Structures are given as structure tokens and as C-alpha cells.
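Predicted, not measured: the structure shown is a model, and the values here were computed from it. Chain letters run A, B, ... following the sequence lines, proteins first, then strands; residues in each count from 1.
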There are 2 protein chains.
Amino acid sequence: MKRDSRLSSVLHALLHMAERDGPMTSDALAKCLTTNPVVVRRTMGFLRDAGIVTSDRGHAGGWRITADLSVVTLRHLHDALGEPALFAVGNRNEAPDCLVEQAVNAALDQSFAEAEALLLARFGEITLADLAADFAVRYAARLKQKDL
Amino acid sequence: MKRDSRLSSVLHALLHMAERDGPMTSDALAKCLTTNPVVVRRTMGFLRDAGIVTSDRGHAGGWRITADLSVVTLRHLHDALGEPALFAVGNRNEAPDCLVEQAVNAALDQSFAEAEALLLARFGEITLADLAADFAVRYAARLKQKDL
DNA sequence: CGAATCATAACTATTGAAGTTACATGAAAC
DNA sequence: GTTTCATGTAACTTCAATAGTTATGATTCG
């Protein structure tokens with residue numbers, strides 16, 4: 001399938017929202033992400049269901065972050081998106097009768113399980129506040145560059 | 001796209017080949033894998049290009065393992081298949097101008113790089129001989145179970 | 001009311017592996 | 001040398017899940 005970039009997308013959206021007061025509309029976010037407002041609503045809807053953001057309709061409506069930036073981790077966001085499959089590679093057959101295939105699956109499953117555990121652990125260590133801080137550093141660096 | 005199961009497939013095929021003398025035809029392998037002989041040829045072709053197997057046409061033709069089972073690792077096979085993307089999740093945009101997206105990508109790239117390094121390291125530790133030995137253990141266990 | 005905004009359904013586009021069909025090529029058996 | 005068995009390969013269709021698009025409905029506020 002196509003590469004799943006929803007985690008990347010929601011992070012991008014959340015950090016833009018964090019940088020400004022008041023709500024951001026799906027249209028505005030779509031422009032930041034160079035995509036479509038419907039895609040923004042569809043994806044952000046998962047975060048609303050998870051209680052990380054709220055959405056309001058009508059005038060002055062849009063999306064707002066309700067969670068604490070220093071609490072929400074990439075892991076929370078991944079979970080909110082429904083824990084999509086992380087790997088593009090996998091077994092041919094999940095529960096085969098063939099003993100050869102069972103031996104193959106056991107070895108692959110073990111390796112993938114370890115890599116997944118590491119990845120999810122890293123996700124659990126990174127908060128939105130960390131990313132916002134990293135953005136601030138990059139922003140300051142760019143300003144400094146312009147001054148030269 | 002569909003989940004890539006070629007590594008799983010070639011492992012399954014190689015272990016079946018290792019369990020018998022003489023070559024195995026694409027047809028026979030396709031039956032083991034419950035797939036199509038053309039798919040077998042297409043996938044095994046990568047291993048032929050990497051020098052791990054040979055194929056012969058005509059009567060008594062088919063596929064044979066030429067490499068040493070105790071030398072070939074999952075990593076070799078993964079490389080032979082062209083190092084396909086391991087992750088189904090990734091960045092929206094590889095080299096964005098947006099500083100927010102750069103911060104997001106940096107965090108995600110770091111986590112994915114660590115998980116990929118671990119996965120490839122594990123792949124590098126597992127040989128075909130290891131899998132064949134594991135199969136032998138499973139086979140003995142099944143025979144024993146039948147005796148009861 | 002009317003404009004702004006989200007909610008949602010119902011599509012199409014995308015992407016690469018997997019599966020299929022068809023035919024060409026080469027090697028061994030007879 | 002013809003037949004048979006087998007690989008080689010091109011050209012398609014199928015599949016699965018996200019991304020993108022279009023259209024319509026439902027709220028909210030001025």
C-alpha cells in the first residue's frame with residue numbers, strides 16, 4: 001500500500017497549532033500540509049476521539065489542542081491513529097501448518113517484535129513539547145542565519 | 001500496497017530445498033508456498049542474481065542452493081531482494097522547507113533509523129542453518145507427539 | 001438569513017507486491 | 001530432431017490501504 005504518513009501529518013499539524021493562539025481551521029492546516037481539508041478532518045478526527053484535540057463548527061471554529069504538550073507522546077498519537085501496522089514486510093501466512101513456515105515465521109516474528117518494541121519505546125519518550133522545543137531551536141538558527 | 005512477504009517466501013523455499021537432494025522446480029516450490037510458479041521464478045531470480053541459488057532449464061532442471069547454509073543470513077537475503085522498505089509508516093515529505101516539518105521528520109527519522117538498525121542486526125545474526133536446525137527441532141517434536 | 005466551518009459519504013488515484021496468462025528459450029530424453 | 005520439461009520474461013489484472021476529491025448535510029454565530 002501507500003506509505004502511511006498520518007503520524008507525520010498530525011505532528012506537523014499539532015506543532016503549527018501549538019505555535020498560535022486560537023483555533024486553526026481544516027483549510028488553514030491543509031495549506032500548511034499541502035493537502036486537502038477533508039484529509040485533515042479525517043485524520044485529526046482520530047485525535048479528537050482520543051481527547052487530544054477538539055473541533056468546533058461555525059464562525060471562529062476549527063481545531064484546538066486540549067492536551068498538555070509535555071504529556072502527549074508520539075506513542076499516544078500512534079495509538080490514537082489505531083496503531084497502524086509499522087512494518088511493510090511480514091510473513092506470508094500467519095498460522096501455517098507447514099513446519100518449515102512455522103520456523104521461518106518464528107524467526108521473523110522475533111526480530112520484528114524486537115524492532116517494534118524499540119520503536120514504540122522511542123515513540124513513548126518523545127513529547128510534543130520536545131518537538132516544539134526542537135522547532136524553536138531551528139527557528140532561532142534560521143533567524144540568526146538571516147542576520148549574517 | 002500489499003505487505004511485502006518476499007523474504008518470508010524465499011526463506012520458506014530455501015528451507016524446503018535444503019531438506020531434499022537435487023533441484024526443486026518452480027512448480028514444486030509454488031505448491032509448497034501455495035502460490036504461482038511465475039511468482040517463484042520472479043522472486044528466486046533475485047537470489048540467483050546474488051549467487052545464492054542457481055536455476056537450470058530442461059529435464060531434471062530447477063532450483064538449487066549453491067551457498068553455504070551456515071553463511072547466508074536473513075540480511076543477505078534482504079539485500080538480495082533489493083533492500084525493500086521495511087517500514088509502512090514514514091514522513092509525508094522527505095526534504096521540506098517548513099521548519100516544523102523538519103523538526104517532525106528529524107524525530108521520526110531518528111526513531112526509525114534505530115529500529116531499522118536493530119532489525120538489520122538481528123537479520124545479520126540468523127543463518128539459514130539456524131532456521132534448518134529450528135525446523136529439525138519442530139519436526140522431532142511433531143514425530144514425538146504422534147507416538148503418544 | 002447567510003457565511004463559515006466541521007462531518008461524512010462516496011467516490012477516484014496511487015503504489016508496489018502478488019497473481020495470472022501467454023509465449024519464447026533452452027536442455028535433456030527418446 | 002522432435003517432444004517434453006523447465007526456466008525467462010513480458011504484459012496484464014488483482015489487491016489493500018492511504019491519499020485525494022467532490023458533493024452534500026449539519027452547526028454555529030453574526
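Judged as a side-chain hydrogen bond (donor to acceptor under 3.5 Å, both in side chains), and not counting sequence neighbours, the contacts of S70(A) are D68(A). By the salt bridge (Lys or Arg N to Asp or Glu O under 4.0 Å) test, D27(A) pairs with no residue at all, sequence neighbours left out. E114(B) pairs by the salt bridge (Lys or Arg N to Asp or Glu O under 4.0 Å) definition with R122(A), not counting sequence neighbours. Under the rule for a salt bridge (Lys or Arg N to Asp or Glu O under 4.0 Å), R142(A) has no partner lying at least two apart in sequence or in another chain.
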N/O donor-acceptor pairs under 3.5 Å from side chains in residues 57-66 of chain A, not counting sequence neighbours:
{"unit_1": "W63(A)", "atom_1": "NE1", "unit_2": "S26(A)", "atom_2": "OG", "d": "2.8"}
{"unit_1": "R64(A)", "atom_1": "NH2", "unit_2": "D56(A)", "atom_2": "OD2", "d": "2.6"}
{"unit_1": "T66(A)", "atom_1": "OG1", "unit_2": "G51(A)", "atom_2": "O", "d": "3.3"}
{"unit_1": "T66(A)", "atom_1": "OG1", "unit_2": "I52(A)", "atom_2": "O", "d": "3.1"}

For residues 82-93 of chain A, dump all side-chain donor-acceptor pairs below 3.5 Å to protein atoms at least two apart in sequence or in another chain.
{"unit_1": "N91(A)", "atom_1": "ND2", "unit_2": "D109(A)", "atom_2": "OD1", "d": "2.8"}
{"unit_1": "R92(A)", "atom_1": "NH1", "unit_2": "L33(B)", "atom_2": "O", "d": "2.8"}
{"unit_1": "R92(A)", "atom_1": "NH2", "unit_2": "E101(A)", "atom_2": "OE2", "d": "3.4"}
{"unit_1": "R92(A)", "atom_1": "NH2", "unit_2": "L33(B)", "atom_2": "O", "d": "3.0"}

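Checking P84(B) against V39(B), the closest nucleotide of DNA chain C that is more toward the 5' end is the one next to P84(B).
At whole-Å resolution of the value, NZ in K2(A) and C1' in dG20(D) are 7 Å apart. Rounding to whole angstrom units, CE of residue M17(A) and P of dC6(C) are separated by 10 Å. Nucleotide dA7(C) holds its P atom 13 Å from the CZ atom of F46(A), rounded to whole Å. Rounded to whole Å, the distance from CG on D49(B) to C1' on dT7(D) is 14 Å. Taking atom CE of residue M44(A) and atom C1' of nucleotide dA19(D), one finds them 17 Å apart after rounding to whole Å. The distance from atom CZ of R92(A) to atom P of dG19(C) is 7 Å, rounded to the nearest whole Å. L81(B) has its CG atom 14 Å from the C1' atom of dG16(C), to the nearest Å. In this entry the distance linking CG of D56(A) with C1' of dA7(C) reads 13 Å, nearest Å.
The phosphate of dA17(C) (OP1 or OP2) has no side-chain N or O of R3(B) nearer than 4.0 angstrom.
The residue S5(A) sits close only to the backbone: its heavy atoms come under 4.0 Å of sugar-phosphate atoms, none of a base.
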Between the protein and nucleotides 8-11 of chain D, list every N/O to N/O distance that falls short of 3.5 Å.
{"unit_1": "dG8(D)", "atom_1": "OP1", "unit_2": "R48(B)", "atom_2": "NH1", "d": "2.4"}
{"unit_1": "dG8(D)", "atom_1": "OP1", "unit_2": "S55(B)", "atom_2": "OG", "d": "2.8"}
{"unit_1": "dG8(D)", "atom_1": "OP2", "unit_2": "R48(B)", "atom_2": "NH1", "d": "2.7"}
{"unit_1": "dA11(D)", "atom_1": "N6", "unit_2": "R42(B)", "atom_2": "NH2", "d": "3.3"}

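The stretch residues 21-37 of chain A comes close to DNA chain D through T35(A), N36(A), each having a heavy atom under 4.0 Å from the strand.
Members clustered with V38(B): none, using a 4.5 Å side-chain heavy-atom cutoff among hydrophobic residues.
In this structure, CG in L118(A) is found 11.5 Å from CZ in F112(B), a value given to the nearest 0.5 Å.
Not one N or O on the side chain of S5(A) forms a donor-acceptor pair closer than 3.5 Å with the backbone of S8(A).
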